[in-house]
Participant: 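Dumping the structure here so I can ask a few things about it.
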2 protein chains.
Amino acid sequence: MSPLADAFIRHFGEMGSRWGINRTVGQIYALLYVSGRPLPADEIAEALGFSRSNVSMGLKELQSWRLVKLQHLSGDRREHFSTPEDIWQIVRILAEERRRREIDPTLSVLRDLLLMKPGNEDERAIQGRLQEMHDLIELLTRWSEDVQRLETQQLTQLLRLGGGIIRLLDLKNSLPLLGSKRRPPRRAPAAREADEEDLAEDFSEDRSEAEP
Amino acid sequence: MSPLADAFIRHFGEMGSRWGINRTVGQIYALLYVSGRPLPADEIAEALGFSRSNVSMGLKELQSWRLVKLQHLSGDRREHFSTPEDIWQIVRILAEERRRREIDPTLSVLRDLLLMKPGNEDERAIQGRLQEMHDLIELLTRWSEDVQRLETQQLTQLLRLGGGIIRLLDLKNSLPLLGSKRRPPRRAPAAREADEEDLAEDFSEDRSEAEP
DNA sequence: CTGACCTTTCAGTCTTTTCTGAAAACAGGA
DNA sequence: TCCTGTTTTCAGAAAAGACTGAAAGGTCAG
């Protein structure tokens with residue numbers, strides 16, 4: 001195996017264990033990612049020096065994350081595995097799965113706890129803290145769900161903009177009829193164009209809600 | 001201890017282990033978060049039923065993540081620990097630390113590997129894949145660094161906008177002089193106002209680079 | 001300097017997770 | 001049907017990680 005691939009795979013293994021995933025699984029994934037062609041389980045086992053059964057477990061785990069897909073190659077009875085070809089697809093899947101496994105259960109617990117009647121002042125305070133966390137997590141995940149639905153091209157444009165996004169927000173706030181409730185818009189002095197009115201309408205779906 | 005707090009702490013422990021962090025550490029953090037006042041290590045140990053030394057280790061870990069801060073209360077020699085009061089601060093710290101521990105080392109490995117001369121066609125292909133991953137990670141982290149620098153208020157506005165952000169991007173693209181190179185702007189038919197020109201200038205720092 | 005009070009360290013134990021080889025299960029061809 | 005090549009399961013071995021108590025190290029008041 002190429003020393004390039006080897007170094008990459010080794011690193012991914014380390015990182016994997018710093019994350020929730022175990023070393024083996026990380027390495028299998030890295031191998032599939034770099035090799036760029038579907039591999040059968042026994043080749044993976046040989047390349048990485050793991051037992052065949054270990055690879056089987058690892059692939060099962062990766063499949064449960066939807067990070068590898070199974071396919072059959074003509075003339076070969078063995079199952080072959082590969083990573084999605086589009087790297088943005090990988091990002092989307094990762095985000096979705098992590099949300100499903102880590103965020104959703106937490107939100108659900110928080111909601112349950114917030115439904116309980118506080119028995120005393122202390123519990124009221126605790127619920128306050130939990131509410132704050134709940135709202136924050138919900139805001140972040142809603143946003144990420146929304147953004148993930150964008151076309152890749154739109155997404156990259158947004159990302160390349162970086163901190164420059166703030167100028168767009170300022171623009172939005174400066175347009176009358178569009179400003180958020182927090183910063184009341186100052187009315188433009190001059191008469192305005194029809195074109196701009198239409199845009200205004202378009203923006204009115206802003207999700208802003210009551211202040212916490 | 002309130003059953004509310006207890007359920008929350010227990011859940012956080014579980015989640016912690018699904019993440020890189022261990023159960024103990026997760027529970028200590030959760031306890032500090034809900035109690036909303038600085039606690040000394042021995043109270044934590046008692047509340048959670050861990051040994052004093054275990055708590056000491058856990059707090060050390062949390063401090064290394066900058067997720068708890070140490071303080072002295074007047075009239076008490078013991079060290080007390082608490083979480084940052086502002087929940088947005090917590091988000092920022094978490095993002096920074098994860099970047100520092102997980103992303104930066106990976107980028108560094110990728111860069112090293114990309115500097116190596118490919119020995120054959122295979123290695124060239126591998127480097128192609130690595131480059132793709134490197135660019136993606138860099139784009140995402142640059143963006144998150146930028147966005148993290150925003151004021152909390154700006155940040156929440158951005159988040160609340162959700163998928164609506166796309167309309168702002170469309171607006172940007174529709175303004176002549178501002179459009180991305182990808183979608184050449186169609187010139188407005190009518191004469192335009194000075195106001196809009198100024199805005200245009202403001203947007204020109206867009207980070208767009210050459211197409212991959 | 002001493003004693004009271006706190007915190008940290010660490011060797012050893014206990015628990016959990018990972019990994020393996022052997023066996024079972026499965027799928028398709030003859 | 002049986003045979004062959006394949007994947008999955010699983011009990012136990014091995015490794016990694018978490019946790020503890022005891023001891024050492026700090027710090028401060030008097």
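This structure is a prediction, so every number in the text was calculated from the model and none was measured. A, B, ... follow the sequence lines: proteins, then strands. Residue 1 opens every chain.
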Participant: Would you indicate, yes or no, if C:dC19 has its OP1 or OP2 atom less than 4.0 angstrom from a side-chain nitrogen or oxygen of A:Arg23?
Facilitator: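 Result: yes.
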Participant: It should be established whether A:Arg52 places a side-chain nitrogen or oxygen under 4.0 Å from OP1 or OP2 of nucleotide C:dT20.
Facilitator: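 So the side-chain polar atoms of A:Arg52 never come under 4.0 Å of the phosphate oxygens OP1 or OP2 of C:dT20.
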Participant: Grab the CD1-P distance between A:Ile44 and D:dT8 for me, whole Å please.
Facilitator: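 So the CD1-P distance, A:Ile44 to D:dT8, works out to 11 Å.
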Participant: Could a donor-acceptor pair under 3.5 angstrom be found where the side chain of A:Ser53 meets the base of C:dG21?
Facilitator: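 Indeed there is one.
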Participant: Would you indicate, yes or no, if C:dT9 has its OP1 or OP2 atom less than 4.0 angstrom from a side-chain nitrogen or oxygen of B:Lys60?
Facilitator: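 Affirmative; the distance criterion is met.
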Participant: A:Glu46 has an atom CD; how far is it from atom C1' of C:dT20, in whole Å?
Facilitator: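 That distance rounds to 17 Å.
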Participant: Taking for each residue the nucleotide of DNA chain C with the nearest heavy atom, is it A:Phe50 or A:Arg77 whose nucleotide lies nearer the 5' end?
Facilitator: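 Counting from the 5' end, the first nearest nucleotide belongs to A:Phe50.
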Participant: Just the rounded figure in Å: distance from C1' of C:dC6 to CG of B:Leu73.
Facilitator: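 Whole-Å distance recorded here is 15 Å.
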Participant: Taking CD from B:Glu61 and C1' from C:dT9, how many angstroms apart are they, rounded to a whole number?
Facilitator: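 One finds 16 Å between C1' of C:dT9 and CD of B:Glu61, rounded.
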Participant: I need the CD-P distance between B:Glu79 and D:dC28, as an integer number of Å.
Facilitator: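 Spelled out: CD on B:Glu79 to P on D:dC28 is 11 Å.
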Participant: Select base, sugar-phosphate, or nothing to describe what A:Asn54 touches, counting heavy atoms under 4.0 Å on all strands.
Facilitator: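 Base, at least one base heavy atom under 4.0 Å.
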Participant: To the nearest angstrom, how far is B:Leu62 atom CG from C:dT7 atom C1'?
Facilitator: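 Rounding to the nearest Å, CG of B:Leu62 and C1' of C:dT7 are 16 Å apart.
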Participant: Within the supplied structure, the quantity of interest is the number of heavy atoms (other residues, nucleotides, ligands) at a distance under 6.0 Å from A:Glu46 CD; does it exceed 12?
Facilitator: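 Open: at most 12 neighbouring heavy atoms sit under 6.0 Å from CD of A:Glu46.
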Participant: With a 4.0 Å limit, can you tell me whether B:Asn22 has a side-chain N or O closer than that to the phosphate oxygens OP1/OP2 of C:dT16?
Facilitator: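 For C:dT16, OP1/OP2 do not have a side-chain N/O of B:Asn22 under 4.0 Å.
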Participant: If you assign each of A:Met57 and A:His80 to its closest nucleotide in DNA chain D, which residue comes earlier from the 5' end?
Facilitator: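 Closest to the 5' end, via its nearest nucleotide, is A:His80.
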Participant: Please report, rounded to the nearest Å, how far the P atom of D:dT4 is from the CG atom of A:Asp76.
Facilitator: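 Those two atoms, CG and P, are 19 Å apart.
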Participant: Would you kindly check if the NZ (Lys) or CZ (Arg) of A:Arg101 is within the cone defined by 45 degrees around the ring axis of A:Trp65 and under 6.0 Å from the six-membered ring centre?
Facilitator: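 Judged by the rule, A:Arg101 and A:Trp65 form a cation-pi pair.
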Participant: How about A:Glu61 and A:Tyr29: do any of their side-chain heavy atoms sit closer than 4.5 Å?
Facilitator: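 No. Closest side-chain heavy atoms not under 4.5 Å.
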Participant: Rounding to an integer number of Å, can you tell me how far A:Trp19 CH2 sits from C:dT18 P?
Facilitator: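 Value for this atom pair: 14 Å.
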Participant: Taking the six-membered ring of B:Trp143 as reference, does the cationic atom of A:Arg160 (NZ for Lys, CZ for Arg) lie under 6.0 Å from its centre and within 45° of its axis?
Facilitator: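 No cation-pi geometry.
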Participant: Can you see if the side chain of A:Ser56 gets near the phosphate of D:dT7 - specifically, an N or O under 4.0 Å from OP1 or OP2?
Facilitator: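 Looking at the OP1 and OP2 atoms of D:dT7, neither is under 4.0 Å from any side-chain N or O of A:Ser56.
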Participant: Regarding B:Glu123 and B:Lys117, does a basic nitrogen lie under 4.0 Å from an acidic carboxylate oxygen?
Facilitator: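 A salt bridge is absent here (no side-chain N lies under 4.0 Å from a carboxylate O).
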